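The block underneath contains the structure these notes are about, expressed in structure tokens.
The basis for the numbers below is simple: all heavy atoms, side chains too, and nothing from hydrogens, waters or symmetry mates. What you see is a predicted model, and the numbers here were worked out from it, not measured in a lab. When a ligand or atom number is given, it counts from 1 through the structure's own listing order.
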Amino acid sequence: MSHANRYTGLVDRYRDRLPVSPTTRAISLNEGNTPLIKLENIPRILGKDVEIYVKYEGLNPTGSFKDRGMTMAVTKAVEEGSKAIICASTGNTSAAAAAYAARAGIKAFVLIPEGKIAMGKMAQAMMYGAITMQIRGNFDDGMRLVKEVADQAPVTIVNSINPYRLQGQKTIAYEIVDALGRAPDYHCLPVGNAGNITAHWMGYTEALTESFEYPRDQVIYDAEADAFTGAKPAGRPIMVGYQASGAAPFLRGGPISDPETVATAIRIGNPQSFNHAKAVVKESEGWFDELTDAEILDAQRMLSMYEGVFVEPASAASIGGAMRDIKAGKIAEGSVIVCTVTGNGLKDPDTAIKQCEDAVMLSIDATMNQVKESILSNM
Ligand SMILES: *Cc1c(COP(=O)(O)O)cnc(C)c1O
């Protein structure tokens with residue numbers, strides 16, 4: 001039987017734009033193709049004439065955008081004969097690596113910072129059958145160890161230093177350009193290791209130039225030389241990266257040693273794609289900014305309460321930063337803005353419940369009267 005219209009994931013969908021052959025076997029969980037949701041209430045609350053969309057990456061199969069990169073990384077690892085993958089992770093990369101390794105029938109080894117990953121992510125690594133190493137150190141320590149051990153053991157690194165990760169992740173921009181019929185004026189996203197902002201830029205550049213290979217020869221800013229070296233393709237968005245104040249190496253001008261934030265997915269002090277991301281922001285005439293943990297949590301709650309979109313804290317940095325910059329006029333009225341909301345709110349129930357102490361939660365007898373009274377007094 002033919003199922004010609006069944007969506008089978010982004011490697012199949014974008015096979016001609018990715019480094020795979022027509023016969024490469026895709027290791028897929030039907031990732032990608034996530035909703036681009038137009039916000040209805042927040043623009044009105046801001047009192048500004050802007051169109052804001054969220055690209056809801058929490059609806060990927062393991063609940064974050066990491067699936068886009070992982071389908072490519074594991075597809076290529078398997079094609080090249082690898083029997084095991086390894087990553088350091090703040091939680092979502094390990095969840096994705098574990099799931100795609102399960103799908104492929106290979107082993108996943110994951111290094112996570114002990115006590116610093118959200119409960120849902122821990123549950124995922126365990127359920128998908130990864131061999132989990134909790135290290136007494138942070139993500140940056142884990143990343144260093146993974147690089148060292150990959151020289152000495154037969155494992156393929158699937159962190160975003162694996163170039164296939166960014167190849168998969170760039171497809172988010174294709175989907176956005178497809179959905180809007182153009183690129184947005186601004187694209188806002190949280191920045192941790194900075195692979196995703198780099199991948200978004202590759203995707204936009206390729207989608208708008210119809211040249212489906214990262215056109216490094218068209219790159220117009222050279223981070224090392226701090227110089228512009230060419231002309232810009234037209235129509236790309238201004239890229240804006242938001243960090244947590246306690247983990248903001250882009251705002252401090254270089255790596256920091258003890259990153260700390262409630263947004264554990266971006267609790268990173270030494271971003272692996274530092275220079276790439278700096279170049280992205282320069283080329284697009286964008287900027288980096290930072291949010292306090294309180295601002296991040298406020299934005300997370302606001303997106304849930306006013307739009308019905310529950311994202312994890314790191315993801316809320318994009319919308320929190322965008323709201324602040326819209327209010328300040330730094331993002332102009334009349335603009336079309338896309339915020340990537342990177343991960344699902346269900347991943348981190350502890351942080352969510354902790355900040356909802358004022359939520360209405362009644363404890364009543366199982367009687368009609370008490371239920372009715374609860375309704376009438378809360379209308
Ligand atoms: C990985 C991750 C980020 C950060 O992405 P980078 O590519 O590391 O900058 C942000 N939010 C969530 C939910 C993530 O899992």
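The cationic atom of Lys170 (NZ for Lys, CZ for Arg) does not lie both less than 6.0 Å from the six-membered ring centre of Trp201 and within 45° of the ring axis.
Taking the centre of each ring, Tyr14 and Tyr174 come in below the 6.0 Å mark.
In this structure, Ser245 and Thr292 have side chains that are in contact, with non-hydrogen atoms separated by less than 4.5 Å.
Side-chain contact check for Thr340 and Thr342: no donor-acceptor pair (N or O, by modelled atom type) lies under 3.5 Å.
Every protein residue with a heavy atom nearer than 4.0 Å to ligand 1 is included here: Phe65, Lys66, Asn92, Pro190, Val191, Gly192, Asn193, Ala194, Gly195, Asn196, Ala265, Ile266, Glu312, Ala314, Ser315, Thr342, Gly343.
In this pair, Phe274 and Phe250 present their aromatic rings parallel. The plane angle is below 30°, not in the 30 to 60° band.
No donor-acceptor pair under 3.5 Å is formed between the side chain of Thr71 and the backbone N or O of Asp67.
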